[in-house]
Amino acid sequence: MRKFPGGFPAQVRLSKPRVHRLILVIVAAFAAVVLVDQIYVINQHFSPVPEEYAEQIRELKPQGALQFAITLAGLCLLVPVAEEIVFRGMIQRIFSRNMGPLIGVLLAGAMFGAVHLNAHLLVSITVFGWFLGYLFEATGNLLYPIVAPAIFNGVALAQLVTDENVERGNLPV
């Protein structure tokens, strides 16, 4: 990466966002959350949630303000930044450069779904990966696909913290 002017941010296409585009991405991310949740609900009929996965999710539920802040920072900042640098900033760019943008988005999105290592999540997370790939291709800026999973994970954390069904053993959608 030393060969490229602008260093790491320029190499992975990370730049300052445009406010109007960021607002559109936030709205689209909330719409994608609804779509992915619906796909997940349908998929549960064919591939039920394994109990060990459900238990791991329940263990993520923060038990205090400090634990909530740490979980929020990890799920809504660290994870999206790391995943998007790898999947969109590197993998998708390599696929797109060698096979074209459509194949790059499809393959990187499929890898994104597969890496989450849960059969019951494969379809919904792959669709979300395609959405993130499209955001990156359409905007040329890695910041937008970082914002979308931050919102997705934030909504999931809010559901985990506020839904009483979690205590009774059910996971939030």
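Keep in mind it's a predicted model, so treat the numbers as computed, not measured. In this chain, residues are counted from 1 in sequence order.
Summarising the geometry, atom CZ belonging to R88 is positioned 8.5 Å from atom CD1 belonging to I91; distances are rounded to the nearest 0.5 Å. In this structure, L121 CG and Y40 OH are separated by 5.5 Å, a value rounded to the nearest 0.5 Å. To the nearest 0.5 Å, the span separating OG1 on T71 from NZ on K61 amounts to 12.0 Å. Atom CD1 of I151 sits about 12.5 Å away from atom CD1 of I146, to the nearest 0.5 Å. Annotation: the span from R21 atom CZ to L143 atom CG amounts to 11.5 Å, rounded to 0.5 Å. From L102, atom CG reaches atom CG of L107 across 9.0 Å, with rounding to the nearest 0.5 Å.
Counting all heavy atoms, side chain and backbone alike, V155 lies closest to F30 at CG2-CE2, 3.7 Å. For F128 against F152, the heavy-atom pair with the smallest separation is CZ-CB, 3.7 Å. Summarising the geometry of W130 relative to A110, their closest heavy-atom pair is NE1-N, 3.8 Å, with the distance given to 0.1 Å. Taking each heavy atom of H45 and V41 in turn, the nearest pair found is CD2-O, 3.4 Å. Taking both residues in full, the closest heavy atoms of Q92 and V105 are given as NE2-CG2, 3.5 Å, listed atom of the first, atom of the second, then distance. Residues L142 and G89 share a closest heavy-atom pair of CD1-N, 3.8 Å.
Distance alone, capped at 3.5 Å, is enough to place a donor-acceptor pair between the N98 side chain and the I94 backbone. Put simply, the side chain of E84 never gets that close to the backbone of P80: no donor and acceptor are under 3.5 Å apart.
When side chains are defined from C-beta on, N43 does not count as touching S124, because their heavy atoms never get closer than 4.5 Å. Between Q56 and E51 the shortest side-chain heavy-atom distance does not fall below 4.5 Å. Within the 4.5 Å cutoff, the side chain of T126 has no heavy atoms near those of the F112 side chain.
Connection of V86 to M111 is established within a shared hydrophobic cluster, with ILVMFWY side chains joined at heavy-atom distances below 4.5 Å, either directly or through further cluster members. Cluster annotation: V127 is not connected to F87 through the hydrophobic network of ILVMFWY side chains, with a link wherever side-chain heavy atoms come within less than 4.5 Å. The hydrophobic clustering, which links ILVMFWY residues whose side-chain heavy atoms are closer than 4.5 Å, places M90 and F136 together. Tracing side-chain contacts under 4.5 Å through hydrophobic residues (I, L, V, M, F, W, Y), one reaches V161 starting from L72; they form part of the same cluster. In this structure, V81 is not a member of the same hydrophobic cluster as L78, with clusters built from ILVMFWY side-chain heavy atoms closer than 4.5 Å.
For the side chain to side chain donor-acceptor pair (under 3.5 Å) test, residues two or more places apart in sequence or in another chain that qualify with S96 are E137.
Contacts classified as side chain to side chain donor-acceptor pair (under 3.5 Å) and involving residues 141-154 (residues at least two apart or in different chains) are given here: S15-N141.
Applying the under-4.5 Å side-chain rule to Ile, Leu, Val, Met, Phe, Trp and Tyr, the cluster around I70 extends to L66.
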